[in-house]
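The structure appears below as C-alpha cells.
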Amino acid sequence: MSAPRTWLLKSEPETYSIADLQKDGTTWWEGVRNYQARNFMMQEMQVGDQIFFYHSNAEPPGLAGLAVVSAPAQPDRTQFDPKSDFFDPKSTKSAPRWFCVQVRFVRDFRNLIPLSTLKQDKRLKDLLLLQRGQRLSVQPVPPKHAQILLQLAGE
DNA sequence: GCCAACGTTGGC
DNA sequence: GCCAACGTTGGC
C-alpha cells in the first residue's frame, strides 16, 4: 500500500456541490465519461487518497473543500440505466466501460479558494488545473502543489 | 451567450 | 489510419 495521493475532482455546484456531499456523507462519483479520468479512478486511486473538490462553471469557480476516497472503483451503474443522462448503450454488464470511486466528505473550506487566486500564485503555475485548455475532470495533484493548496485553505 | 480547446465519432 | 464534423467543457 503506497502513501496516499492527492486528486482534484471537478463538479458543477448546480449539479452537485460540496454542500451536497456534506449532506450525503458519501457519494459514488458517477457520470465520468472520459477515459483518462476513468483510468485515474480505476487504476490509480486508492482508499484514503485526498481529494480537492473543485466547483466548475461557478461564480466564482474555485476549490470548495476536501474529500477522501472511501471505496475503490466499481462499475458506474448509470451506464446501464436507459433513463440516465449517462446511459451508454455500448457498455455491457460483463464488460463495463465506466467505473467510479466512492468519495466521502471531509470539510468545506470556509472561504472558497477562487481560481483567480490560484492563478496569481506563481508556485502553482504548473498545476494541471491552470494549464491552458485543460478540462480533465479528474486530475492528479502532486504533493508539492497539494501542500500549497492546503496552506491557502488555511489547514 | 460566446467561443477556444479538446475528445469522440464515423466516413473514407 | 486520417481527419472533418460534431458535441462538450468551462472560463469569461
> Can a salt bridge be assigned to the pair A:R123 and A:D121 using a cut-off of 4.0 Å between side-chain N and carboxylate O?
Replying inline: yes

>> Using 0.5 Å steps for rounding, measure from the CG atom of A:L129 to the CG atom of A:L118.
In response: 6.5 Å

> Mind checking whether A:Y16 and A:F53 have parallel, tilted or perpendicular rings, split at 30° and 60°?
Replying inline: tilted

>> Can you see whether A:D81 engages A:T78 through a side-chain donor-acceptor pair at a distance of less than 3.5 angstrom?
In response: no

> How does protein reach along nucleotides 3-12 of chain C, written 5' to 3' as B (base within reach of a heavy atom under 4.0 Å), S (only sugar-phosphate), or - (no contact)?
Replying inline: ----BBSBBS

>> Assess whether a salt bridge exists between A:D49 and A:R5, defined as any Lys/Arg side-chain N lying under 4.0 Å from an Asp/Glu carboxylate O.
In response: no

>> Give the residues of residues 29-40 of chain A touching DNA chain C, defined as any heavy atom closer than 4.0 Å, sorted by residue number.
In response: none

> Under 3.5 Å, is there a donor-acceptor pair between the A:W28 and A:D76 side chains?
Replying inline: no

> Does any donor atom in the side chain of A:E30 or A:Q79 lie under 3.5 Å from an acceptor atom in the other side chain?
Replying inline: no

